[in-house]
Every structure is written in C-alpha cells, then in structure tokens.
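Remarks on the structure that follows.
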Amino acid sequence: MKVYPNVLCESGMVDQEKLTYHFQERGLQFGDGIYEVIRVYSGKYYLLEEHIDRMYRSAQAIKLRLPFQKKELYEKLDYLLDVNNIKTDVKVYLQATRGSALRDHVFPDVEANFYAYVQDMPRPEALLSTGVSAITLPDTRWQNCYIKSLNLLPNVLAKQEAKENGAFEAILHRDQTITECSASNVYLVKDNNVYTHPETNQILHGCVRSRIKILAAEANIPFYEEAFTLEQLQNADEVFLTSSTAEVMPIIEIDGKPVNGKTPGKVTRELQKAYQRDAHLIDTPNVQSTSH
Ligand SMILES: Cc1ncc(COP(=O)(O)O)c(C=O)c1O
C-alpha cells in the first residue's frame with residue numbers, strides 16, 4: 001500500500017516516520033479521544049462539513065479542546081491532500097486525544113494530541129454490485145454511541161465475529177431492537193419504505209445516513225427514522241447499510257438466510273445510484289449537486 005508521508009499534527013505537517021508519541025498517551029491508556037474517517041473521491045472531500053461538524057460535536061461531548069478552529073482545520077485538511085498530491089480515492093483519518101501525561105483518570109492540564117493522515121481506499125465496487133452477508137449480535141456498547149469515541153472494543157469484537165462467520169458486518173440489537181452495525185448504519189426496506197434507527201444516543205449519527213435521508217426525499221422514497229426489531233429485519237424486503245467507506249451496501253444474507261432472494265433490491269439500487277450521483281461518481285444529467 002502506498003504511504004502518504006505528510007501527516008497533519010497539532011504542530012503542523014510532520015513526516016510519518018518522524019511521528020512518535022509518549023507511552024503515557026491518553027488514547028493508549030484510556031481510549032480518551034475521538035476520531036473521524038472522511039471519504040475522498042478523485043482527490044476531493046465528500047461530506048467534509050458533516051464530518052468536521054461531528055468531530056467538534058464529539059469533542060464537545062467529551063470536553064476535549066481541539067487544537068484548531070474549524071476554519072483553520074478546513075484549510076489544513078485541504079493542504080493535507082495537496083501536499084500528498086492526492087488525485088485518487090482515499091480516506092483521511094483524523095484523531096484527537098486528551099494528550100500525553102502521567103496516567104490519572106482526571107483530565108491532565110496538557111494540550112490535545114491531534115493527527116490526520118491519508119490512506120488509499122479504493123471503492124468496494126465488486127461488493128456494491130453483489131451485496132454482502134451479515135450476522136446479528138447483541139449490542140454491548142455503552143450508552144453514548146453518538147460520540148465517535150476511540151473506545152471501539154465492542155465494535156472490534158463484533159466485526160471480528162462477523163469475519164469469523166464469513167460475513168461482512170454485524171448488525172447489532174439492544175433487546176431485539178436493531179440499532180446499527182459495528183461500523184455502519186443499517187436500514188430495512190418494507191413495501192418500498194425505508195426504515196432506520198432515529199438519531200438518538202444509541203447510534204452514531206452517520207454522515208452518509210444524513211445524506212441518504214436527503215437523497216431519499218429527493219427521489220420520493222418514504223424514509224422513516226423509526227427503530228425496528230430483529231423480527232422485522234428478518235422479514236424485510238431489502239436490507240442495506242451505509243458508511244463512508246462502504247457507501248450504500250446491499251445486505252443479501254442475514255444469519256445465513258437470504259434477503260430478497262440473495263440479490264440487491266430495487267430501492268437499494270436506486271439509493272446507490274443517488275449516492276453515486278451525489279458524490280460525482282457517475283454523471284448527473286441536468287442536476288447540480290452541492291455536496292463537495
Ligand atoms: C458505528 C458506526 N456507525 C455508523 C457509521 C457510519 O458513519 P459515516 O456514514 O459517517 O461514515 C460508522 C462509520 O465508521 C460507524 O463506525
């Protein structure tokens with residue numbers, strides 16, 4: 001995999017090889033930090049504002065002071081792509097922790113550690129075409145899943161369990177109510193209506209999720225932010241998930257049982273197309289998008 005050497009830190013641009021952190025680092029000790037993953041297509045950010053807004057919301061929720069004002073961060077993130085000469089499909093990973101200090105649960109009086117780097121991220125075109133399988137698992141996460149916290153152990157374990165079962169994702173439920181997946185939001189389609197969990201503290205408020213809500217409205221597809229049960233999931237006409245790296249991904253099998261005859265459904269396909277038009281991945285005849 002190609003290495004993009006220039007990493008944006010709180011102090012400026014640093015060569016990846018020269019980047020070192022003290023072993024007494026709050027992210028390592030406590031997972032005391034937040035992060036973001038932003039999609040870049042052909043060298044251009046997609047849904048940048050949504051991600052930056054969410055990062056500041058997460059920071060505020062954990063009382064973390066980020067080293068940059070928003071405007072400054074936008075400029076630095078543009079420079080990050082320029083200085084690494086990015087023209088292709090990549091992702092930018094951003095992380096901020098409560099700094100480096102002697103281990104103590106109480107907040108230290110030090111500045112946050114921050115970095116943002118670039119990594120290649122080709123689109124998952126084959127899977128977008130065929131769809132993927134998923135398993136269902138109890139949601140064992142904390143009560144503040146709207147914070148994009150570095151504490152991802154339950155998500156890591158769920159995703160690993162999916163992998164060990166030959167599946168792409170784990171769909172999580174709290175007492176039979178579906179929340180989201182280990183690293184994506186989840187939707188079911190019934191009678192051409194789309195349902196997904198409302199934006200409460202039980203799910204991450206996905207940037208693609210909020211975009212899909214708008215795109216569904218534009219396409220006259222009824223979109224309901226209503227929680228659904230495991231049983232309703234099992235009886236869905238179609239199921240799909242969304243995230244910045246998986247886009248609009250059809251789920252064609254759940255716990256070994258086929259969904260929609262193991263083929264991506266009509267509504268899912270329509271929303272996939274709408275996403276691709278919005279992100280300028282396919283042509284948009286006579287329509288102007290405002291997403292970049
Ligand atoms: C738990 C969880 N839910 C949902 C999402 C989707 O968020 P987004 O659409 O902003 O990428 C992610 C993305 O990483 C996630 O980790």
Side-chain angles (χ1 to χ4, degrees), residues 31 33-41 45-59 61 77 89-95 116 119 121 123-124 127-128 132 134-163 167-174 177-188 194-216 223 225 227 239-249 251 268 271-272 274-276 278-279 281 291:
I34 54 162
Y35 74 104
E36 273 299 327
V37 177
I38 311 179
R39 211 16 163 144
V40 174
Y41 291 122
Y45 286 108
Y46 180 58
L47 304 179
L48 176 62
E49 220 178 295
E50 287 83 347
H51 285 282
I52 297 304
D53 284 351
R54 186 172 64 192
M55 185 159 202
Y56 279 81
R57 282 200 308 274
S58 293
L77 287 175
D89 296 346
V90 299
K91 67 177 178 185
V92 171
Y93 177 86
L94 301 86
Q95 175 176 304
Q119 193 180 304
M121 179 54 60
R123 298 184 56 221
L127 296 181
L128 288 169
V132 297
I135 58 167
T136 56
L137 286 178
D139 190 341
T140 59
R141 299 173 303 161
W142 70 332
Q143 296 293 335
N144 291 308
C145 298
Y146 73 98
I147 301 171
K148 207 160 166 63
S149 147
L150 290 178
N151 288 280
L152 287 176
L153 195 48
N155 308 59
V156 166
L157 293 175
K159 188 83 170 182
Q160 179 63 22
E161 186 140 353
K163 186 175 179 212
F168 178 83
E169 251 295 23
I171 303 173
L172 308 176
H173 61 90
R174 285 192 202 262
T177 297
I178 304 296
T179 49
E180 59 178 334
C181 298
S182 77
S184 51
N185 292 112
V186 69
Y187 310 73
L188 73 70
V194 177
Y195 296 86
T196 195
H197 196 285
E199 281 189 336
T200 66
N201 62 346
Q202 307 277 294
I203 65 161
L204 184 75
H205 302 178
C207 297
V208 179
R209 180 192 177 283
S210 53
R211 198 71 187 171
I212 286 297
K213 183 178 164 182
I214 294 166
L215 297 175
F223 187 94
E225 295 180 86
V239 181
F240 64 92
L241 60 82
T242 66
S243 80
S244 297
T245 51
E247 301 183 6
V248 178
M249 182 64 79
I251 296 180
T268 307
L271 289 171
Q272 272 188 327
Y275 175 95
Q276 288 167 14
D278 192 56
L281 301 168
S291 61

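Both ligands and their constituent atoms are indexed starting at 1 by order of listing. Below, each value reflects all heavy atoms present in this structure, side chains not excepted, and no hydrogens, waters or symmetry copies.
- At a 3.5 angstrom cut-off on N or O pairs, R54 counts as close to ligand 1.
- With a 4.0 Å cut-off on non-hydrogen atoms, C145 does not touch ligand 1 at all.
- Listed for the N201 side chain is a donor-acceptor partner under 3.5 Å among the backbone atoms of Q143.
- Remark: side-chain polar atoms of T179 are paired, donor with acceptor, to backbone N or O of L172 under 3.5 angstrom.
- In this structure, the side chain of H173 does not engage the main chain of E180 through any donor-acceptor pair within 3.5 Å.
- Of all protein heavy atoms, the one lying nearest to atom 9 (O) of ligand 1 is V208 N, 3.0 Å.
- By heavy-atom distance, the residue among A246, C207, P154, S184 lying nearest atom 4 (C) of ligand 1 is S184.
- Ligand 1 has an N or O atom lying under 3.5 Å from an N or O atom of K148, backbone or side chain.
- Here the side chain of T196 pairs a donor or acceptor atom with the backbone of V186 at under 3.5 angstrom.
- Without hydrogens or angle criteria, E169 side chain to A183 main chain gives a donor-acceptor distance under 3.5 Å.
- Ranking protein heavy atoms by distance to atom 7 (O) of ligand 1, first place goes to G206 CA, 3.6 Å.
- Near C181, with a cut-off below 4.0 Å to any heavy atom, the atoms of ligand 1 are 1 (C).
- Protein heavy atom at the shortest distance from atom 11 (O) of ligand 1 is S244 OG, 2.7 Å.
- Remark: K163 is not positioned above the aromatic ring of F168, lacking an NZ or CZ atom under 6.0 angstrom from the ring centre and at most 45 degrees off the axis.
- In the candidate list S182, A183, S243, A183 is nearest to atom 12 (C) of ligand 1, counting heavy atoms.
- Ligand 1 is never approached by V37 to a heavy-atom distance shorter than 4.0 Å.
- For ligand 1, the atoms sitting less than 4.0 Å from at least one non-hydrogen atom of N185 are 4 (C), 6 (C), numbered in the order shown with element in parentheses.
- Checking side-chain atoms of Q272 against main-chain N and O of V248 turns up a donor-acceptor pair under 3.5 Å.
- Using a non-hydrogen distance threshold of 4.0 Å, H51 registers as a contact of ligand 1.
- A donor-acceptor pair is defined here as one N or O able to donate and one able to accept, closer than 3.5 Å; no such pair exists between the side chain of R141 and the backbone of I203.
- The closest approach between any non-hydrogen atom of S210 and ligand 1 is not below 4.0 Å.
- When atom types are taken as modelled, the side chain of D89 and the backbone of M121 share no donor-acceptor pair closer than 3.5 angstrom.
- Residue E180 approaches ligand 1 through these ligand atoms, each under 4.0 Å from one of its heavy atoms: 1 (C), 2 (C), 3 (N), 4 (C).
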